J.: 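If you scroll down you'll find the structure; I have some questions about it.
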Amino acid sequence: MPEISKSYEPRDVEAKWYAAWQDAKCFSAPTPAPGQEHYTIVIPPPNVTGILHMGHVLNNTLQDALIRRARLEGKAACWIPGTDHAGIATQTMVEKHLKKTEGKGRRDLGREEFLKRVWAWRGEKGDHILKQLRELGCSCDWDRTHFTMDPGYSKAVLASFIKLFEQGHIYRGKRMVNWCPVSLTALSDEEVEMKPTKGHIFRLQYELVEPSTTKDSEGNIIPLTHLVLETTRPETIAADVAVAVHPDDARYTHLVGKKVWRPLGERIQIPIIADKAVDPAFAAGALKVTPAHDKVDFEIGQRHGLPVIDSINADGTMNEFAGPELAGMERFAARKKAAEILQERGNLIEAKPYENNVGYSQRAGVPIEPRLTQQWWLRYPRVEEAKAVVRDGLIQMHPERWSKVYLNWLENIQDWCISRQLWWGHRIPVWYAKGVDREKLTEADLRDPKKIHVSLDGPADPENWTQEDDVLDTWASSWLWPFATLGWPDAEAQAKANFSHFYPTTTLATGADIIFFWVARMIMAGLEFAKPGASIQERIPFKHVYFNGIVRDKQGGKMSKTLGNSPDPLDLIVKYGADGLRFGLLQIAPLGQDVKFDEDRIESGKNFCNKLWNACRFRQMSGPMSDNSSLSAILARLDARQLDDDDHALFAALLEVQALLEKCFADFEFAAATQGLYTFFYSDFCDWYVEVAKARLADPAARDHVLAVQDLVIRQFLLLFEPFAPFITEELWTLLGYNVAGTKFLQDARIGTAEDLRGALAGRSVHIDTAAAGRVAKLKATVTLARQLKADKAVAQKRDVLFSVVAEDAVWTALESASAKFTRLAGAASLARAASAPALPAIVTPLGTLYLDTGVKVDAAAERTRLTKELEAVTKHIAGTEARLNNEAFTSKAPPAVLEGARKQLADQQAKRAELERLLAALV
RNA sequence: GGACCUUUAGCUCAGUUGGUUAGAGCGUUUCCUUGACAUGGAAAAGGUCACUGGUUCGAGUCCAGUAAGGUCCA
């Protein structure tokens, strides 16, 4: 057996094992055996040309932990990886690259040539992120890697469109959309981010065609020559078609039906209308109505049969309808110019600084432009079912509160604009008969096969048809992810992928930021498409949704490359090892909270791995390795006669942590799981058991038994730890001989439950003595107090000091039997029983009063100070407890166990006080 | 405007159905290279649990309100 080196060097280990796992096809999803449970996860597909960031690390570490744990539990585990074509993001990236390298735009190349370039880009940069996931240790079934633009997947996307079209869920319509003037495409509402934006609001006056009068605040009749209104967008005035007031606004009712002069563009009269959408409290209570450039205005225009004047081009520049002064200008420059002109003409009263919410294109980061265009829309299918599955708990969200957010969105759901004016994506499978005017198609025309052709393969006579230019929104492909990655809709592919076994998937781990974009839509898509006619339980895409937090920087800010506060995970892996990164990150990832990234925690993850490494190294140095090839082989090496309190306490702690992990995985409490593992291994095993065992290892009768206990605990710990730190655990599994011939890897072992282990121990006559843990705790406390006393006397490092104890017979018996452990742990030459109190520094412990002999004369004053401080604390505590026990309401109403506990506590504290008083009195 | 979340040690967070003297890691201070580990060990200091009120024998925990910070939707 190779010797374990002095420190853990992750880099040597990681590459070796990942290659071995892949060679052995460890991550291939097996065909589930009859009755075998499956555990399926589909990866949230990252952008195909993306690179790994901390958010990915967290998200994928969680998934890997889940899938690895499932393997150890004997489930048929299937983790499907893949990437998303990410329409806008990728197209924008390639366009930028083209501009930079060739000075060309996509239109210079033409659609076909441009797409060739995108595919070439994908070939060069694509899937890099999947390689990075391997560095992290992710155990995806790589043979199942999918890409949303693969032929099979594309077929699924188009098939879903056709099906929805045939069912009447999809329609085409000219509507107000969020237009991105940079990407030159429509966006869905979800892709628009509202951001408070500083600008100006312009107080304007529009001249009345016929001067009128109004009343001032005191009721006096005063002349009225202008209508005052406020706007943040003066550049659109030339597209104004009316001015609206609220119908109940007494200031203006007499003006409704009259006209004002439009101050920009062609000098024409526009009507004053009344509409309830106007807020009479805002500004002067009048609103300029610009149907082409505002959603509310558009609706007002519709209600009043007003024309639509579109004064802004697709790219955000003004056109001729904006008036000769503004035509051709960029929209924000035009805004300034418009204000200047209005000032000159006397229409501008004032320009005030103003902050309002402006919609920004999520991708391009520029304000969107409401724009009237022809788009394809989807009326979501299965909305009611989608609500029901979450409300009824068929799909559980973790943390649960997200289901409220989800349901709220579904309650207010709007049709989805699924068309994008991009080239990179799934081109909509609709062909228009030549000669048909696309602008004027009616709902009936859409269903007329002579005018519109909708199919997977296109019309038989393509020369007579023209295909739709638009592609589908990326999310209209990724919403099929949980089943399109399992072969849907092709029966043969589904059979090959074991669709019937692995769908519905088990858990989806993702960020809450895409709950609408992706999670909600997947649920609707799954219900609609996945298993037609099957029960609702069979059609849902997943049973659990775990929302991991967002990784933020130490100050809680968002991580971004431009700010430079986003560490490269690959650098962290080099520095701390993949296991250290994984474990460290999960330690700070509480359920449902954002993660504040702190590199110190990653370092602590690495240090923990090193601790584990050295504990195993020490085990190897402590004695010969025996048969570790199975749990029963190790159990057979236990000697029930040699069991002592420490063994019992350790086994009890092991069972406890094993049960804790079961609960944590069920509840997605990863931070609690890592915390539990850490505490068990550090405190219970290394700091205590291994240390006390050093004393027992010297005893030939106990040695083999103690080694067996350690082998058992390390084995179980490695199994528990593997989902979080797969590399180091695999390495140690091998080095300590836990692998058996035929089953080469840790993952081939079965973890079993805490109860299984309890049963296995009982089978070897090891029945956990639950009282042992209490006795060990007392000894621990006594050792700590002894160390405290030594530290106080500045002899912490000395190991030749003498301790004596004054204790009753029963207590002394307990301490005497552990005296070898005590002297080793407390660092003492000996521990003896003293018949009467010696004149030495003392400390009161649960196992009697300890006296420390350092060979130096007692400093009575220092002793008095120390003991008095202690006495004060105890006295204060006693007072509190007595007050409670003297309260009749407490004694009559508190449960007996609580009452009993309080009484015992009081007795203990009183005994301690008496002892402290005695010690003080004895001081000369 | 609506909904949700957070507030506990210098920092990051635990604290399960209300029940001892509120815990951990990091950081800080002191001491220690003795044969698993200095990527380590020992000890210590550090908290009126945001605030106000209520329920209760008992509140960090439950309820109401207030404040500050954050997120999402309009």
Side-chain angles (χ1 to χ4, degrees), chain A residues 4-10 189-190 193-194 357 399 401-402 404-405 407-409 411-412 512-513 515-516 549-550 552 554-556 576-577 580 584 587-601 603-622 660 663 667 669 671-672 674-676 678-679 682-683 686-687 690-691 694 783-792 794-799 824-827 873-874 876-878 880-881 883-895 897-899 901-906 908-909:
Chain A
I4 299 178
S5 62
K6 187 169 163 153
S7 69
Y8 176 54
E9 301 300 336
D189 291 347
E190 287 71 24
E193 232 176 301
M194 300 305 286
N357 271 329
R401 62 186 158 84
W402 287 108
K404 274 191 224 162
V405 177
L407 289 169
N408 186 262
W409 183 74
E411 291 296 339
N412 300 293
D513 51 335
I515 187 169
F516 310 136
I550 294 167
R552 299 176 171 279
K554 219 174 164 178
Q555 282 76 39
Y576 303 108
Q587 271 188 293
I588 49 175
L591 178 65
Q593 293 302 119
D594 286 352
V595 180
K596 286 197 186 126
F597 179 75
D598 183 352
E599 195 167 321
D600 286 351
R601 300 306 291 257
E603 188 178 1
S604 120
K606 180 197 176 187
N607 294 349
F608 184 61
C609 289
N610 192 63
K611 185 78 178 175
L612 170 64
W613 184 261
N614 275 289
C616 291
R617 178 163 176 262
F618 180 64
R619 158 62 192 96
Q620 205 181 42
M621 291 163 64
S622 299
L660 172 73
K663 187 182 174 299
D667 298 343
E669 296 267 16
T674 52
Q675 187 59 48
Y678 187 97
T679 305
Y682 242 101
S683 306
C686 293
D687 290 350
V690 171
E691 292 305 319
K694 282 176 181 171
V783 166
T784 300
L785 288 162
R787 285 166 172 169
Q788 227 176 69
L789 188 58
K790 282 178 72 186
D792 190 69
V795 292
Q797 77 282 17
K798 290 181 79 174
R799 305 187 73 81
R824 172 173 282 272
L825 287 164
V874 174
K876 196 177 155 199
H877 185 214
I878 287 171
T881 314
R884 275 205 303 157
L885 284 166
N886 291 337
N887 183 346
E888 197 273 332
F890 174 68
T891 49
S892 64
K893 290 187 183 174
V898 173
L899 208 49
R903 285 193 177 124
K904 171 148 192 341
Q905 188 192 327
L906 182 62
D908 288 350
Q909 296 299 323

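In what follows, every chain begins at residue 1, and chains take the letters A, B, ... in the order their sequences are listed. Note that the coordinates shown come from a computational prediction; the quantities given were computed from them, not determined experimentally. Only this structure's heavy atoms are used, side chains among them; waters, hydrogens and symmetry mates stay out.
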J.: What's the CD-P distance between A/Glu411 and B/G2, to the nearest Å?
T.: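 After rounding, the gap between these two atoms is 19 Å.
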J.: Does A/Asn607 put a side-chain nitrogen or oxygen below 4.0 Å from OP1 or OP2 of B/G40?
T.: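 So the side chain of A/Asn607 is within the cut-off, an N or O lying under 4.0 Å from OP1 or OP2 of B/G40.
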J.: Identify, between A/Asp687 and A/Arg619, the residue whose nearest nucleotide on RNA chain B lies closer to the 5' end.
T.: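 Upstream on the strand: A/Arg619.
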J.: Of the nucleotides B/A36, B/C4, B/C57, which one has an atom closest to the side chain of A/Lys404?
T.: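 Minimum distance to the A/Lys404 side chain belongs to B/C4.
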J.: Looking at A/Lys876, does any N or O in its side chain come under 4.0 Å of the phosphate oxygens OP1/OP2 on B/U21?
T.: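 So the side-chain polar atoms of A/Lys876 never come under 4.0 Å of the phosphate oxygens OP1 or OP2 of B/U21.
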J.: Which nucleotide sits closest to the side chain of A/Asp600: B/G40, B/U20, B/C26?
T.: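 It is B/C26.
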J.: Is there side-chain contact between A/Val405 and A/Phe516, with at least one heavy-atom pair below 4.5 Å?
T.: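 They are in contact (side-chain heavy atoms under 4.5 Å apart), so the answer is yes.
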J.: If you measure from the P atom in B/A45 to the same atom in B/C63, how many Å do you get, rounded?
T.: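 Per the computed distance, 36 Å lies between those P atoms.
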J.: Determine the contact category for A/Lys6: base if any of its heavy atoms lies under 4.0 Å from a base atom, sugar-phosphate if only primed atoms, P, OP1 or OP2 are that close, otherwise nothing.
T.: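 If one applies the 4.0 Å heavy-atom cut-off, A/Lys6 turns out to touch the sugar-phosphate alone, with no base involved.
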J.: With rounding to the nearest 0.5 angstrom, report the CG to CD1 distance, A/Leu885 to A/Ile878.
T.: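 Atom-to-atom, A/Leu885:CG and A/Ile878:CD1 are 11.5 Å apart.
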J.: Does B/A36 have OP1 or OP2 under 4.0 Å away from a side-chain N or O of A/Lys694?
T.: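 A/Lys694 to B/A36 OP1/OP2: side-chain N or O found under 4.0 Å.
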J.: Between B/U12 and B/G65, how far is it from one P atom to the other, in whole Å?
T.: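 So the two P atoms sit 29 Å from each other.
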J.: Just to be sure I follow the notation: if a pair is Watson-Crick (purine N1 to pyrimidine N3 plus N6-O4 or O6-N4) or a G-U wobble (N1-O2 and O6-N3), each under 3.5 Å, what dot-bracket string does RNA chain B give, with | for pairs to another strand?
T.: (((((((..((((.....[...)))).(((((.......))))).....(((((..]....)))))))))))).
J.: Does a side-chain heavy-atom distance below 4.5 Å link A/Arg903 with A/Leu899?
T.: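 Heavy-atom side-chain distance check passes, below 4.5 Å.
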J.: Using the C1' atom as the point on both nucleotides, what is the distance between B/G47 and B/G23, in whole Å?
T.: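 After rounding to an integer number of Å, I get 11 Å for this pair.
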J.: For the C1' atoms, the ones on B/U61 and on B/U56, what distance do you get once it is rounded to whole angstrom?
T.: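 Each nucleotide's C1' atom is 13 Å from the other's.
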J.: A/Arg787 side chain to A/Leu825 main-chain N or O, any donor-acceptor pair under 3.5 Å?
T.: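 It does hold such a pair.
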J.: Which one, B/U39, B/U56, B/A36, comes nearest to the side chain of A/Asn610?
T.: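 Closest nucleotide to the A/Asn610 side chain: B/U39.
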J.: Can you give me the closest heavy-atom contact between A/Cys609 and A/Gly580, atom names plus distance?
T.: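 Scanning both residues, the minimum pair turns out to be SG-N, 4.1 Å.
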J.: Is any side-chain N or O of A/Ser622 closer than 4.0 Å to OP1 or OP2 of B/A36?
T.: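 Looking at the OP1 and OP2 atoms of B/A36, neither is under 4.0 Å from any side-chain N or O of A/Ser622.
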J.: About how many Å separate OG1 of A/Thr674 and CD of A/Gln587, when rounded to the nearest 0.5 Å?
T.: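 Rounded to the nearest 0.5 Å, the CD-OG1 separation comes to 5.0 Å.
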J.: Without swapping roles, check the side chain of A/Trp613 against the backbone of A/Asn607 for a donor-acceptor pair under 3.5 Å.
T.: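 Checked: no pair found.
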J.: Ring-plane angle category for A/Tyr682 and A/Phe608, please: parallel below 30°, perpendicular beyond 60°, tilted otherwise.
T.: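 Rings of A/Tyr682 and A/Phe608: parallel, under 30°.
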J.: For atom P, what is the distance between B/U48 and B/G70, given to the nearest Å?
T.: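 Taking atom P in both B/U48 and B/G70, they lie 25 Å apart.
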J.: Base, sugar-phosphate or nothing for A/Arg799? Non-hydrogen atoms, less than 4.0 Å.
T.: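 Base, at least one base heavy atom under 4.0 Å.
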J.: Quick one: does A/Trp409's side chain get under 4.5 Å of A/Ile515's, heavy atoms only?
T.: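 A side-chain contact under 4.5 Å is absent here.
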J.: With sugar-phosphate meaning primed atoms plus P, OP1 and OP2, does A/Thr784 contact a base, only sugar-phosphate, or nothing at under 4.0 Å between heavy atoms?
T.: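 Sugar-phosphate only.
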J.: Judged by atom type as modelled, is there a donor-acceptor pair below 3.5 Å linking the side chain of A/Lys790 to the main-chain atoms of A/Ala826?
T.: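 The answer is yes, because a donor-acceptor pair under 3.5 Å joins these two groups.
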J.: Please measure how far the C1' atom in B/U28 lies from the corresponding atom in B/G10, and state the result in whole Å.
T.: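 My reading of the C1' atoms in B/U28 and B/G10 gives 8 Å.
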J.: Starting at the 5' end of RNA chain B, which residue's closest nucleotide do you reach first, A/Asp792 or A/Glu691?
T.: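 Closest to the 5' end, via its nearest nucleotide, is A/Glu691.
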J.: Please classify the nucleic acid contact of A/Gln905 as base, sugar-phosphate, or nothing, using heavy-atom distances under 4.0 Å.
T.: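 Counting heavy atoms under 4.0 Å across all strands, the contact made by A/Gln905 includes a base.
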J.: Contact class for A/Tyr576 (heavy atom, under 4.0 Å): base, sugar-phosphate, or nothing?
T.: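 Counting heavy atoms under 4.0 Å across all strands, no contact is made by A/Tyr576.
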J.: Between A/Glu669 (side chain only) and A/Lys663 (backbone N and O only), is there a donor and an acceptor less than 3.5 Å apart?
T.: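 No; zero donor-acceptor contacts below 3.5 Å.
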J.: Taking the side chain of A/Arg601 as its heavy atoms from C-beta onward, which of B/A36, B/U12, B/C57 lies nearest to it?
T.: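 Within the option list, the nearest is B/U12.
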J.: Can you identify which nucleotide, out of B/G25, B/C37, B/A36, has its nearest atom closest to the A/Val690 side chain?
T.: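 The answer is B/A36.
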J.: Tell me: CZ of A/Arg617 to P of B/G40, nearest whole Å?
T.: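 The answer, rounded to whole Å, is 15 Å.
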J.: Looking at A/Gln788, does any N or O in its side chain come under 4.0 Å of the phosphate oxygens OP1/OP2 on B/A44?
T.: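 It does, given that an N or O in the side chain of A/Gln788 lies less than 4.0 Å from OP1 or OP2 of B/A44.
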J.: Is A/Lys606 salt-bridged to A/Glu603, going by a charged N under 4.0 Å from an acidic O?
T.: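 No.
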J.: P atom, B/U16 versus B/U52: distance in rounded Å?
T.: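 Between the two P atoms, the distance is 23 Å.
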J.: What does A/Glu888 touch in the nucleic acid at a heavy-atom separation under 4.0 angstrom: a base, only the sugar-phosphate, or nothing?
T.: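 Contact class for A/Glu888: none.
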J.: Does the side chain of A/Lys790 get closer than 4.0 angstrom to OP1 or OP2 of B/C31 through an N or O atom?
T.: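 No, outside the criterion.
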J.: Tabulate atom names and distances for all N/O pairs under 3.5 angstrom spanning the protein and nucleotides 69-74 of chain B.
T.:
| unit_1 | atom_1 | unit_2 | atom_2 | d |
| --- | --- | --- | --- | --- |
| B/A74 | N6 | A/Asn357 | ND2 | 2.7 |

J.: In whole Å, what separates the C1' atom of B/A14 from that of B/C37?
T.: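 It works out to 27 Å between them.
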J.: Of all the nucleotides listed (B/G19, B/A24, B/G41), which has the minimum atom distance to the side chain of A/Ala894?
T.: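 When the side chain of A/Ala894 is considered, B/G19 is the closest of B/G19, B/A24, B/G41.
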